Amino acid sequence: MSRNNAGIVVFACNWDGLSCVEAAAQNRLSYPPSVKVVKVSCLSRVHSGLILKAFELGADGVMLLGCESESCYFGKDERFNVKEYEKTRGILGLLGLGADRLRLAWLSRGDGKGFVKQVENFIAEVEQA
Amino acid sequence: MRDHAGGPSDLVGEVEQPPGPGEEIADAVDDPARQELRECVRVGGRVQRGVVEQVIEGQATAARVARYLGQGVLKARVTAVNIDRQLCRGCGDCIAVCPYIEMKVSDSGTACAAVDPILCLGCGACITSCPTGAITQPVQSDSSIISTLEALSDRPGKVGAMA
């Protein structure tokens, strides 16, 4: 497979995050084929080890895509995600990969356009870095 | 004995029934003057639901509860987590992220976390918070997520790699 764009792994939560990806498909929006979506039950399931594993396997950037805090299926506060996110950003900075290669995004349910926009912005930023 | 010769349609309207909750909702939805009842407004970053919306949500909750109670025996979700008593050292980090985990003291006097498998929704926040790896999930284990990542990666030579 040709790599035209930076490889991005998106950890999408099973609820609003994945619904954005599905909405993008249903609305026939296109995003680069280098974006790989991994479904998890909740973003709080994704720990720094899994994010670093994605980088080890060749990802140029990792995006965490989850629900807005008031619409979380599990009633979770967004600080659960932010804590692990900040920790992993620190590790990425120490490793010299660059903290900006990890991004956390919250989208409302079914926001396909928002997902494509976020992904394209992120790819552009990763390619510039 | 009741005579059914007239058919069921004759019986309709004989007894005046009080309107059920469903009809009240239907009336409120149809009435243009009661628009505010069904509007959801955003107040200070939180969505405040209209009365109609709340009643519908309540009925949906009652239906979900009835489904569970009708089973007779409650089964845990397949996503419910397991806590290994040998590995748990009782630090309590998981309790900070989950309302369904509690700390129990065993007969030998050591503290150990215990989860209510019926209530566990399987979000996996406790797995992330656990420093010893004592908490596992039958589905969506670390190894299965890593297998997915490996399958999606562009690296050649990996089993299941998409070339």
Side-chain angles (χ1 to χ4, degrees), chain A residues 1-15 33-60 62 64 66-85 87-88 106 108-109, chain B residues 40-49 57 64 77-81 93-101 119-133 135-163:
Chain A
M1 193 174 80
S2 63
R3 286 277 299 268
N4 298 323
N5 294 104
I8 303 290
V9 171
V10 178
F11 284 104
C13 94
N14 195 15
W15 312 98
S34 60
V35 176
K36 314 287 185 196
V37 180
V38 179
K39 185 184 89 167
V40 287
S41 60
C42 177
L43 274 198
S44 56
R45 174 71 186 83
V46 182
H47 52 77
S48 52
L50 291 174
I51 297 170
L52 293 173
K53 188 73 185 175
F55 281 109
E56 186 197 326
L57 289 167
D60 296 312
V62 173
L64 307 173
C67 316
E68 289 168 332
S69 62
E70 70 257 30
S71 62
C72 177
Y73 176 80
F74 301 108
K76 287 207 184 305
D77 203 321
E78 61 203 21
R79 66 195 147 93
F80 289 114
N81 306 333
V82 172
K83 195 178 159 193
E84 197 69 17
Y85 169 70
K87 186 178 120 188
T88 316
W106 296 296
S108 53
R109 191 167 300 166
Chain B
C40 298
V41 286
R42 195 173 267 268
V43 181
R46 295 191 72 85
V47 178
Q48 197 169 14
R49 297 184 187 86
E57 201 170 278
R64 283 202 293 272
R77 290 176 180 80
V78 286
T79 53
V81 298
D93 283 359
C94 48
I95 294 173
V97 297
C98 181
Y100 308 126
I101 299 180
L119 295 174
C120 176
L121 292 166
C123 69
C126 50
I127 304 172
T128 304
S129 69
C130 184
T132 58
I135 308 179
T136 52
Q137 219 171 357
V139 296
Q140 192 190 235
S141 59
D142 270 3
S143 56
S144 72
I145 296 177
I146 290 170
S147 304
T148 312
L149 286 171
E150 283 174 351
L152 291 171
S153 74
D154 293 332
R155 281 198 176 178
K158 287 274 181 189
V159 176
M162 291 164 69

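Source: prediction; values computed, not measured. Naming convention: chains lettered A, B, ... in sequence-line order (proteins, then strands); numbering from 1 in each chain.
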- Query: Any idea which heavy atoms bring A:Lys76 and B:Ala125 closest together, and the distance?
  - Reply: CE-CB, 3.6 Å
- Item | Top contributor to chain A interface from B:Thr79, B:Leu121, B:Thr148 [non-hydrogen pairs under 4.5 Å] | B:Leu121
- Item | Candidates B:Asp142, B:Ile145, B:Ile146 - the one meeting side chain to side chain contact (heavy atoms under 4.5 Å, CB included) with A:Lys53 | B:Ile146
- Message: Please classify the contact between A:Val40 and chain B as side chain, backbone, both or neither, with a heavy-atom cut-off of under 4.5 Å.
- Response: both
- CZ (A:Arg109) with more than 12 external heavy atoms under 6.0 Å: no
- Note on the structure: Nearest heavy-atom contact between A:His47 and B:Thr128 is CB-CG2, 3.4 Å
- Task: Return the minimal non-hydrogen interatomic distance between A:Arg45 and B:Cys123, and the atom names on each side.
- Result: CB-O, 3.5 Å
- Task: Quick one: closest heavy-atom pair of A:Leu57 and B:Ser153, and the distance?
- Result: O-CB, 3.4 Å
